[in-house]
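Residue numbering restarts at 1 for every chain, and letters A, B, ... go by the order of the sequence lines.
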Protein chains: 2
Amino acid sequence: MPHLLLKDLPRYECLLEAAAEFPDLDPSAAEAFLHLLHTGDEVFGVSDRSLAGHNISHGRFGVLMLLWRSRQPRAAKLLGADECVPGPRTPAELADAAGVTRATMTGLIDTLERDGYVKREPDPVDRRQMSVLLTPRGEKFLMEFLPGHFKAIAAIMAPLTENERKTLVRLLGKVQQQAAILNPRRESASVG
Amino acid sequence: MPHLLLKDLPRYECLLEAAAEFPDLDPSAAEAFLHLLHTGDEVFGVSDRSLAGHNISHGRFGVLMLLWRSRQPRAAKLLGADECVPGPRTPAELADAAGVTRATMTGLIDTLERDGYVKREPDPVDRRQMSVLLTPRGEKFLMEFLPGHFKAIAAIMAPLTENERKTLVRLLGKVQQQAAILNPRRESASVG
DNA sequence: GGCTGAAAGTTAGCCGCCTAACGAATTTTG
DNA sequence: CAAAATTCGTTAGGCGGCTAACTTTCAGCC
């Protein structure tokens, strides 16, 4: 689960000293980098714990949310979908929306189907394709789980004022954009 | 690798509408939450790519850094160690410092030893324990890899001014602290 | 209308994370 | 000093990432 394999972060003075030995080390950059990964991990952990209590993983939860978007027009907005697009249904579409490989999506759907949350159905037109559908049980799970999940998210961000949240999002956006540039995208999917 | 199974984040207006349906959903909290996980993933991806180019994973890299701390007093500061403590040497100490289980550490050391980066040695005093040591090859790897790694970190944070970095670290710190409170720690290791 | 190429989904195998349980060695306790 | 509890490292099995290769099916092109 953890991105950062380090429980305790170094103090800033330590980074300053290390920078004397490694001229490439930018202390404030390294500090921000470490805090970002560390906080992300911690926040992820809270969310993960809330999911684990319901016997579901983050990956599976993401798939359920994407499928929910397909069934509920209201839910689509939550996930940023345009009203007109029907939302992902096939494993390939789900994999693309989730940012994982099709092979990984196969595994996620396998376990979701085994647990009765989703159902595979062959496409009558294109016999290569499958349609993945949320079962009533899957939908029931989301309805029961989401309120608590939203509460947990609100609790995490409670120490920040509205202004601080805006600032955080703005700064994270800058970093994210830069990281996206540095990250050579496989398909270079520049948003059209 | 990814924490957040969602390639495109929802727009803020979508969160606002969703909040009308789910009273527990705090739009600004959810926005900050999603951005935090997403940016963390993206930044992690950059770092991971730089590691993958050297055929090493984040987990293994973390272990090498911890072992390096044990050998180089200078390096210890980089990782936040007190001057007096010798740094982790046994698998159990490494697992604790890294925040993973001993079982996971066994696997990491296995592959590191197979690749010749570290060496296991039996403890002459306590025959249950092993000492894990960085080999010259492992140290050579770090010396060759670290400058580029530091450069990559600096590049990610380049868009932020010094002030913005301080602000980011401050806000992340608040979130991290809150998340740590919400995360029931196994051993409740309140720093003494 | 039958090759060729592309796409969908799956499979196989690797890695790293987890929990649970184990044998060996040490420490604590009666 | 012997029994119990703890600690060490490891193993086994599950999950969820990945890449690479495969089968089936569709689409395009002579």
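Note on Gly107(A): nothing from the nucleic acid sits closer than 4.0 angstrom, heavy atoms only. Residue-level contact check: Ser57(B) touches the backbone only, with heavy atoms under 4.0 Å from sugar-phosphate atoms and none from bases.
The side chain of Thr90(A) contributes no N or O atom lying less than 4.0 Å from OP1 or OP2 of dA8(C). Not one side-chain nitrogen or oxygen of Arg102(B) sits closer than 4.0 Å to the OP1 or OP2 atom of dC22(C). In this structure, Thr106(B) reaches the dT10(D) phosphate: one of its side-chain N or O atoms is under 4.0 Å from OP1 or OP2.
For the pair Glu144(B) and Lys140(B), the salt-bridge criterion is met [side-chain N within less than 4.0 Å of a carboxylate O]. Taking the charged nitrogens against the carboxylate oxygens, Lys166(B) and Glu162(B) have no contact shorter than 4.0 Å, which rules out a salt bridge. One finds a salt bridge joining Glu121(B) and Lys119(B) here, because a Lys/Arg side-chain nitrogen approaches an Asp/Glu carboxylate oxygen to under 4.0 Å.
Residues from residues 122-132 of chain B with heavy atoms under 4.0 angstrom of DNA chain C, sorted by number: Val125(B), Asp126(B), Arg127(B), Arg128(B).
Remark: C1' of dG17(D) and CZ of Phe44(A) are 12 Å apart, rounded to the nearest angstrom. The distance between atom CZ of Phe61(A) and atom P of dG17(D), rounded to the nearest whole Å, is 14 Å. What separates CE of Met105(B) from P of dT11(D) is a distance of 16 Å, to the nearest Å. Straight-line distance from the CG atom of Asn55(B) to the P atom of dC18(D): 18 Å, rounded to whole Å. Taking atom CG of residue Asp48(B) and atom P of nucleotide dG16(C), one finds them 11 Å apart after rounding to whole Å. Look at CD1 on Ile109(B): it is 12 Å from C1' on dC8(D), rounded to the nearest Å. Taking atom CG of Leu108(A) as the reference point, atom C1' of dG17(D) lies 9 Å away to the nearest angstrom. The distance between atom CG of Leu51(B) and atom P of dC15(C), rounded to the nearest whole Å, is 16 Å.
Taking the six-membered ring for Trp, His54(B) and Phe61(B) have ring centres at least 6.0 Å apart.
Considering only side-chain atoms of Ala103(A), the nucleotide from dT19(D), dG9(D), dG9(C) that sits closest is dT19(D). Of all nucleotides listed (dG16(D), dG17(D), dG16(C)), dG16(C) comes nearest to the side chain of Arg60(B).
Each of Asp115(A), Thr111(A), Asn55(A) was scored for a side-chain hydrogen bond (donor to acceptor under 3.5 Å, both in side chains) with Arg60(A), with one residue passing: Thr111(A).
Comparing Asp110(A) and Thr101(B) against DNA chain C, the residue whose closest nucleotide sits nearer the 5' end is Asp110(A).
Here the CG-NE2 distance, from Leu51(B) to His149(B), works out to 6.0 Å after rounding to the nearest 0.5 Å.
Aromatic ring pairs are classed by plane angle as parallel below 30°, tilted from 30° to 60° and perpendicular above 60°; the pair Phe141(A) and Phe145(A) is parallel.
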